[in-house]
Every structure is written in C-alpha cells, then in structure tokens.
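The structure appears below as structure tokens.
The model shown is predicted, which means the values in this text are computed figures rather than measured ones. The analysis underlying the following values was restricted to heavy atoms, covering all of them including side chains, and did not include hydrogens, waters or symmetry mates.
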Amino acid sequence: MKKILISVFLWMLLVLALTPASHANDFRFEIDQEYSSRGYIDGVEYIRRRGTMTYGEEITSQYYNYIAVNPTTTDFNIVASDNYTPFAWGMTNMLGQIDVAKQRFPHLDIVAAVNGDFYDINNTGRASHTHIVDFEVKHRGLNNPSGRSVVGFKEDGTFVYGNPTFLGQHLNILNEFNELKMRMKIDRINQLPQNDLEISIFHENFISEIPEGYDKVIVRATDLKSDEGGNINYSKGRLDLRTTDAHTVSERTFVLVGKAFQDENLIVETDVLLVQELLGNGFEDVRHAIGAGESLVLNGVVQHTRFRSLPSNNMAHFRHPRTAIGQKSDGTIFFLVIDGRDAINGKFGVKYSELGELMKLHGAVNAFNLDGGGSSTMLLRNEETGEYEGVNTFSDGNIRSVSNGLLFARGILEPTFIEIPYPDTRAQFDAPTGLYMDGEGVFHFTGNNEHMEYILKVNGRQMFITRETLPLILAPGQHEIQVRVKGNGSFASSEFSDTYVYNVHPNDVRVILDLIRNVAKGN
Amino acid sequence: MKKLMLMIILVFALLLAACTPTVDDDDDDDNGELEPTAQEIFEEKFEFLVENNYELEIKIRDHQTLKDTVVMMYFDGDVVQYVDADYIAYYDNSGTQSKMYVKQGDTYAVSNVSSGPSGLLYYGFEFAQFTKNNETSYIMIADQHSTLESFIALGDGVSSIDSLQIRVNETHLTEVIFNVVVGETTYLVTMTISNVGQVELVLPV
C-alpha cells in the first residue's frame, strides 16, 4: 500500500512538473507576411505587423507597430515630452508634444514619438507617476506606487526602471549657463529653520507672516507644480528680493529662508532657482523619465504570476489597445503599440499576459506597460514629407491628448546641471572668432579644439551645438548670430563672440542683387 | 511847343537807351566760349565714372510688402567692394581676369570670376536714350529699355526693366531708379551714388 501511495505521489509530482506554469509555451504569433514589413526610417527600426496570435486556447487577429533604437550605441536619445503650462499641468496630443520638444531641444532631430504614463484625464492632465524632463523633476511620483513603475534614461542612454526613493526637496542654484552652482537640501517646508545651518522654503499656501530677522530670498516663480494632495514639489523662479523684514508669501512666489542666504553672491539675478525632489534608488542622475504601469517582463520573465494575482476586473485581463516599452539585453529600447477595440477589422487588442509575451518575443528582458486604450499613439516622421504620421489606429477615431510621452530624438544632449565650484574660480574660455556664412548657407567659426561644445545664438534664441561648421536654414530677413564656448567643470563659459549679421534674401531679391553685382565685375 | 515835346522825347529815349543792358550778339560767354549743349551737360554727369570712385547704395523695395533690402557697393578704380551686412566681397578688375575675395572669418577666399561686359547699366547710358524731365532728372524713353537686354541677360530670372529714371546734381549722376520684374513680381530698385572721389579701398592681403 505504501509503495502504491509513493508511486501515486511520484506520478502526481511528475504530472505537476510537466504542466506549464502558464500559457507561455502556448504563445504563438503567425505573421501575415502580406501585411507585414520591416525597415529603417531615419535610423529607427520600424516593424509593422499583422498576424494571428494564439495564446492558450484563444486565437485573435492582431495589428501592431514596433519602433526601436539603441540609445547607448547611437546618437539617439529617449526624451520625455509634455506640454505642461507654468503653474499647471496639461494635456496635448503627441503632435503638440513634439512641437514643444522642438522648442525645448532645438538641436535635436525628433524622429518618432509614443504616448507615456497614465494621467488625470478628467481634470488636470497630471501624469500619474514620476515625470522628469532634462533633469527637472516636475513630478516626483507616487509615495505608494503599487503596480506602477518609472522608466528613465541617463545621459549615456542607460535605461533605469523601478521606483525612485525620495531624498527630500533640494534647492538647485543654476547660473545663467545652466551650470549647477550649488545644491542645498531644504530642511523645512513652511517652517522656520531651527538653526543657522538649516534652510527652509515657504510656499504661497503658508498664510502667516514669516517673521523679521531671518535672511529671506523672495523668488518670483516661473513655475510651480503640485501633486494631487496640493503639495508643491517643484518650484522654479528667479530672485526678486532679498530682505530680513517680515514677509507674507504672495501668489506665484516662494521664499527661501536661512542664514546661508546672507551670502549675496550665492543667489544673483541671473540665476535660476529650482527646488525639486532629489531622487534615489538609481534615479539620482536620470535625465528623462516617465511613469509606467505594470511590469510586463522582468529579467526575461513574463510576469504571469503577477498578472494572475490581479483582481478579475483588472484591466490586465481584458483586451485593449496597448502601448509598451521594452529593453533588450544590448541596450536597445523599443516600443510596441497594439491596435484594439476594433474586432470587426481584426484589431482585438491584447491582455497584459499577451502583451508581455509579445514584448518577450521581440527580445525584451525588461518591459513595462504604458497608458493604452484611446491614448495609444505611435508617431513616425515621414521621410519624404517630414510630417509626423500616426502609424497605429487611434481607437478614439482621432489622436488623443495625453499627459506625457517619450520621443526618439537624434543629436547630442546639451550638458546641463554640471557641478561647478563655488565661488567660481574657473578661468574663462576664449570667445569664438571668425564667424561667417559661406555661399552654401553653411555657418563657420573658429572655436575651441579641445572643448567643442558651443551655444549658438541666432536672433536671441540659443541652441547647443558641437560643431564649428553647420548648415543653418534661416528664413528671409536679417539675422544676428553669436557663439560662445560652453563651460565645463574646469573652465567657465566664454563671452559671446562678436555679432555676425547675415541677410537672407527672398529668392527674387537675390536674383536682382546677383544681376546688379555684375556691375562690380569690370566697367 | 512841338519842338519842346520832341526834345523831351529824345531825352527820354536817350535815357532809356542808356539804361538798357548790353546784349551779346551770340551765345559766347565772357571768354568767348560756347554754352554746353544739353547732351554735353548730360554726359558731364557721367564723367566721374572714368575715375570710378564712389559709393553705391542699392535699395530693392518689394511693392507687396514694402520691405526694403539695402546693400552697399564701393568703387575705387579697379577695386570694388560689395557689402551685404557682414558679408563682404572684393572684386579686383585690374588684370585680364577679375578676381573675387570673399571674407571668410578672419581671412579671405580668393577665386577667379568671369569679367562682366563693359558699359553695364549706367556705365553705358547715352543722352539719346533719355528725355529731360527737369533740371535734375531724365527719363529713359520707353523703347530704349530694350537696350538693357544684354544687362538683363546676365541675370537668371529677371524678366524686364522698365520706368528707368536717373537723377543728377550739379556735378554727377546721383540716382538710378527703375522697376525690375522677376517672374510676375515687380520690385523698385533705387541705386544712390554718393561720396564721389572719396572712397579708398585696399584689397585684402
């Protein structure tokens, strides 16, 4: 009898061992070759695919689009986008976000875009979780991010994921060249410093008077952002007034209080004062980041166990259009946008489990769900027209306004937040010389051979460049052009060069001038 | 009484004769030279082009937008400077082959350019092409605009030049004003000459 029981037990163990823990082995995607393609658009790998997905016993028709770049080995960057207005959040479709990003990063060439985090769709448009643009932590993220993650990118393109820890608000004093003059921990919010070493910040929600005798820096805010609890976690502005008088915080200002501000050189009129959360847990020096939803794949494992643990009414278990981000072992970052909510046309959408399998199928070692449904958006620039076109089917029938997104943007990111000594004892770079525009519309100057980082200023608008020769496409009119060498940890930024004035003539006028110039040749 | 009246009339006649200014018999001046003819006066206004030393402002007005484009040219004999904001080019016409020096940063790039034909635009103007409008301006006779075709042919896209007018001062040509048609758009060109004999140009090394 005992032997029989042992045999039964061993058989049961064997059966259990051979039974798949999930449907992972049952996942199959049969590609409909006629409607599938793969190629490169401006350096972005682009796959458009239609096929039949078999997962377990369910068979569905699927359409999806895939784009990928490797930001660690190419000049592509993954840049967070938004269209948040000062003192508020906001929602704009990804076309609008590309326009905003072009203004923020005029030196970058944006090739593709996808939607990002979930958001407060019915009210403020605030992203649900962390949002970092160019080192600025506009939204530090959730205290209890259950089921959510943050995906971010460092300067070198390294992918960071997980959830940041919060190391407290810090005052970042950035000089006119966007160099980090000083970073100081804010010890107290809406409370007076308790000793000479502490500094405090007072916001407009502090209605009492800050007493006299304390060193105060009144800051005229250019932006303030608050979380859903009304806590202001991001404050940006410029020096308005320095005083020790009693002061009541007025609207759209904030006040820094502390003995440190006795030093009148610490904060000057040209400095930008940025108070934001310092993030930890790998997010310390993340340049761009957005919040994401559930982890789909972690270390190469599709998170089926996690999906099964979710309540039956969780969106994970229903088919919807989806957007997901994945990281491959070689550093490649890719996005998948799956069409859905259109079963009649074979666009069923996917569940989390299916999405995870699809991401893994494309090589994801880590993958995360982003906002989907009507928010799912993938835009790719048309190589011929230069226009950005939606490549997925928008289930709302039109492109939806969303809170944030991620862009594939080509070019070199301007070094910012470079820590410099205080007081600044650095020697200054020499200003560039020899500015000229050649007959082909190519701008030239003589800069610094050992540090080829420059700020180009055209009619007051500044742009980061890393070359001393570059084509400039300028509209007809008169243009004032200057260049300076950008500073680094050892040398301060140069003065701007002498102004080079360049006239771009309308075509007809150029024809007339060319004709009249003939008078100069001879006679 | 009648004699008295005759005497008085004679005396008045003598007085009147004494008051009448001397009238020359012909157009000779005090030195006995002839007054210049209208053609000579016209041609005198162009004599400064022999020295070829002057400033030329070229203003092109877009009739549609009323925006002006202004560039400068400086002439000093065989050397001509073209200045368009910070774009500067020199032409050296001293040799058989014209050379152009274009400022590129702190240096100049030199290249050979084809020499233009002589007598271009106002360098080739003749009295017979114009009617005198007043003491300081002449208008090109309508059918004489065709004489500018060889000049127009040097441009790529200019359809025609019309309504050409010149202005002069006591000594020289001061303005050449005309319409240029490019495609279907008409532009007003005003070329203003100044600082005659005061330009000093040195070719870049």
Quick one: pull up [atom1] in [X] and [atom2] in [Y] and give me the separation to the nearest 0.5 Å.
X	Y	atom1	atom2	answer
B:Thr69	A:Ile512	OG1	CD1	8.5 Å
A:Phe445	B:Gln104	CZ	CD	15.5 Å
B:Glu184	A:Asp508	CD	CG	10.5 Å
B:Asp156	A:Arg510	CG	CZ	8.5 Å

Next on the checklist: Checking B:Met100 against A:Arg517 for the side chain to side chain contact (heavy atoms under 4.5 Å, CB included) test, could you report, in this order, the C-alpha distance in whole Å, the side-chain angles of both residues, the deciding distance, and whether it holds?
Outcome noted: CA-CA 12 Å; B:Met100 182 168 72; A:Arg517 274 178 81 165; 3.7 Å; yes
Has [X] got more than 12 heavy atoms of other residues, nucleotides or ligands less than 6.0 Å from its [atom1]?
X	atom1	result
B:Lys67	NZ	no
A:Glu419	CD	no
A:Asp430	CG	no
B:Glu51	CD	no
B:Glu57	CD	yes
A:Asp498	CG	no
A:Glu383	CD	yes
B:Gln198	CD	yes

Between [X] and chain A, which part of the residue has a heavy atom less than 4.5 Å away: side chain, backbone, both or neither?
X	answer
B:Val71	side chain
B:Ala109	neither
B:Lys99	neither
B:Val102	neither
B:Tyr122	side chain
B:Leu56	neither

Considering only heavy atoms from C-beta outward, does the side chain of [X] approach that of [Y] to under 4.5 Å?
X	Y	result
A:Tyr502	B:Asp84	no
A:Leu513	B:Ile60	yes
A:Val501	B:Tyr87	no

Item to check | Nearest atoms (heavy-atom pairs only) where B:Asn93 meets A:Ala520 | outcome: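 Closest pair (atom of B:Asn93, atom of A:Ala520, distance): ND2-O, 2.8 Å.
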Checklist outcome for this item: Nearest heavy-atom approach of A:Lys521 to B:Ser114 is CD-O, 3.3 Å
Side chain / backbone / both / neither for [X] at chain B, heavy atoms under 4.5 Å:
X	answer
A:Ile516	both
A:Asn503	both
A:His505	side chain

Checklist entry - Within the side chain of A:Asn518, is there an N or O that forms a donor-acceptor pair under 3.5 Å with the backbone of B:Leu120? => result no
Checklist entry - For A:Tyr436 and B:Asp86, what are the C-alpha separation, side-chain angles and deciding distance, and is it a side chain to side chain contact (heavy atoms under 4.5 Å, CB included)? => result CA-CA 8 Å; A:Tyr436 75 94; B:Asp86 282 338; over 6 Å; no
